[in-house]
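No hydrogens, no waters, no symmetry mates; every other heavy atom, side chains included, goes into these values. To find a chain, count down the sequence lines: A is the first, B the second, and so on, and within it residues start at 1.
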4 protein chains.
Amino acid sequence: MQVKKENKKEKIIKEAVKLFTKYGFEDVSVSSIAGEARIGKGTIYTYFKTKDDILEGCTKYVFNTFTSDIEKAADTNMEIAGFLDTLLDLFFVDMPSRSRILFLFHRKYYGTKRKDAKLTGRYKEMFRKVYERYKEEIKCPFEQMYLFLTGFMMTSYMIQANIDEEILKESVKEALKTLIVKT
Amino acid sequence: MQVKKENKKEKIIKEAVKLFTKYGFEDVSVSSIAGEARIGKGTIYTYFKTKDDILEGCTKYVFNTFTSDIEKAADTNMEIAGFLDTLLDLFFVDMPSRSRILFLFHRKYYGTKRKDAKLTGRYKEMFRKVYERYKEEIKCPFEQMYLFLTGFMMTSYMIQANIDEEILKESVKEALKTLIVKT
Amino acid sequence: MQVKKENKKEKIIKEAVKLFTKYGFEDVSVSSIAGEARIGKGTIYTYFKTKDDILEGCTKYVFNTFTSDIEKAADTNMEIAGFLDTLLDLFFVDMPSRSRILFLFHRKYYGTKRKDAKLTGRYKEMFRKVYERYKEEIKCPFEQMYLFLTGFMMTSYMIQANIDEEILKESVKEALKTLIVKT
Amino acid sequence: MQVKKENKKEKIIKEAVKLFTKYGFEDVSVSSIAGEARIGKGTIYTYFKTKDDILEGCTKYVFNTFTSDIEKAADTNMEIAGFLDTLLDLFFVDMPSRSRILFLFHRKYYGTKRKDAKLTGRYKEMFRKVYERYKEEIKCPFEQMYLFLTGFMMTSYMIQANIDEEILKESVKEALKTLIVKT
DNA sequence: CATGAATGAGTATTCATTCAT
DNA sequence: TATGAATGAATACTCATTCAT
């Protein structure tokens, strides 16, 4: 029973992510999410308190994928250059969709630090571990590395429409290495 | 009673920029814009066809300020390093507000290249002039310079809540110089 | 909470007919229909797509009453004279209201033959059956009979304000017999 | 100066008649009437108190054409049969347009006898003169003749979409002779 | 007299949320 | 737990009318 519940909640989030990505927050109705998830409209409210709560769920979900990306990249690379290559490759999978969710969330909770911390906590923490691990090879302080990585990742989404994805990814990889890795 | 036309349109845009920046697009009613601009609700529609049209007006306005920033920075600097310093200083004035408008517009017209070109045309063109002017000192191709500048500028907005503005600005300046200027 | 569907739709139509009859189409708000039907404004839209759709529903309803009037009159009369008497008696019940709806609909869809056919189809068909049945006694072609009957019925509505209803009805009965029945 | 004024008022009415005929009352804006009449929006209000007042002007105008039709038909015919032929021919000129105006007016002032009398007064009076003139040949009372003539004329408009105009006109002529003329 | 910029009252429609079943 | 019928708050936009010029 508990399992079933989790499955349903996850199903809702996955469909919501798809729809929010495609149409934005306001242009997606709770009904349509329910429709895509093949459940009744009212059922949504068994799992989420409000529509905003669904977006929060989506954001949490996205940050978890990011966090696991970082973990994977760190697990498979001994040196920071390889780590960055792997990380960017992972980040660019579903990048448009994931970035979109972050934008929506950011816009909604602009200034609300509490929510922000709750969601980005684990993500930032994971970055800190990585920083510690590759410390020797990094030439900038933690805050800057965090800024550069997060910034480029988010920006990529907005820029991508006007530039070939592969070129974009390589430019970003190169830029990050220039900014972060000791020479 | 027909003289002030341009003044009034500008007034509307300025108040709309303020409100959109603060509350986003959907959470600002046309009435409230009219209220802030101290004119009647109907008057808005003398100057703008729809609410979307107001956002477009705001975006055009913001791009014009960016374009004039670039122009100013180029006018007062013989070398690219100085140009970047001045440009970033100018970009960071009202940056949160201006970036916010661009986000809103971007989200609304995501994928609509036509609108995009109409508004970014002059902006990109101005960058191209700058690129030609400092060509000797720049180590990356135009597209990358454009990506790095626009990207960092927009990202700064999203990051700023979590970082001291002065540090952010200096980090960005430094990063850009590293990425763009020949050594 | 999902049983009463048909009842509720019918209730809405009945109240809409009353209001449209009294105030016309544009001067009746959807809210007021909801108010009279003692349901929420939004509920209207569970049963009708648009306000125009409500008018269409009313028209369909009215044509059904006309059709059933014709049926009744034919069922209870062996001869055309009696048929016309009965039919006119039935037509004059609620005649102002019913005619009014037809006017509104006619004005709205003036020229739109498709809608017209959809609604008048069964009505005209019923007239054709009647024509066949009383054929021997009728001296004019079908189209004329249809014109005279429909025409007088609708006209009666516009004229009635200036003339005693009983005299009007008798005049119409007499005129129709003169025009339609073989002597 | 007085002449100019009358010309302008007439111009407004003529354009309003065209527009009301085509689009109905609510779907014609005062602006569009002004536009068609090639004058400023505000100028309309020099000649008419309200939009309703324009419709009243149109109705008066239409009734005047009807009245003059009756006059013409009576002037050129010694016998009622010829009178009816001529009258119907004249009525059918611009019949759709003129009937439409009457419908609009009727709907607007349904029940308001005062307005009605003011506008139909001369028209009815003219009919009375005609009745007196052809009295010997007429078999029905005045009220019935008035009902039959006005009724058929108005109805023709609603029926016309579904029937050939020439057939319609001939049917009506014949019907009226049957109902009105002594044999 | 003529104008059209300014105004705000008025309304159809959407949709998050509730709750009886 | 699951549902979807019912609800009403909220909002963009239109247009008759006014009035300063």
- Message: Which nucleotide wins on minimum distance to the side chain of A:T43, given the candidates E:dT7, F:dT3, E:dT3?
- Response: F:dT3

In whole Å, I'd like the distance from the [atom1] atom of [X] to the [atom2] atom of [N].
X: A:N7; N: F:dT1; atom1: CG; atom2: P; result: 15 Å
X: D:I12; N: E:dC1; atom1: CD1; atom2: P; result: 12 Å
X: D:R38; N: E:dA2; atom1: CZ; atom2: C1'; result: 17 Å
X: D:I33; N: E:dA2; atom1: CD1; atom2: C1'; result: 17 Å

- Message: What I'd like to find out is whether the side chain of D:L102 reaches to under 4.5 Å of the side chain of D:F63, using heavy atoms alone.
- Response: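 Yes, side chains in contact.
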
- Item | Pair B:K14 + B:E10, salt bridge at N-O below 4.0 Å |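 Yes, charged N to carboxylate O under 4.0 Å.
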
- Task: Would you kindly compare B:I44 and D:G40 by the position of their nearest DNA chain E nucleotide and give the one closer to the 5′ end?
- Result: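 So the residue in question is D:G40.
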
- Taking side chain to side chain contact (heavy atoms under 4.5 Å, CB included) as the test, write out the residues that go with A:N64, two or more places apart.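 A:N64 satisfies side chain to side chain contact (heavy atoms under 4.5 Å, CB included) with A:R122 once adjacent residues are dropped.
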
- Task: Mark yes or no: C:K11 above the aromatic ring of C:Y47, with NZ or CZ under 6.0 Å from the six-membered ring centre and no more than 45 degrees from the axis.
- Result: no

- Counting Watson-Crick and G-U wobble pairs whose two distances are both under 3.5 Å, find the runs of 3 or more in a row that involve DNA chain E. E:2-21 with F:2-21

- Task: Taking only the side-chain nitrogens and oxygens of D:Y47, find out if one of them lies under 4.0 Å from OP1 or OP2 of E:dA2.
- Result: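 Answer is yes, contact under 4.0 Å.
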
- Note on the structure: B/S/- along nucleotides 11-18 of chain E (protein heavy atoms under 4.0 Å) is -SBB-SBB

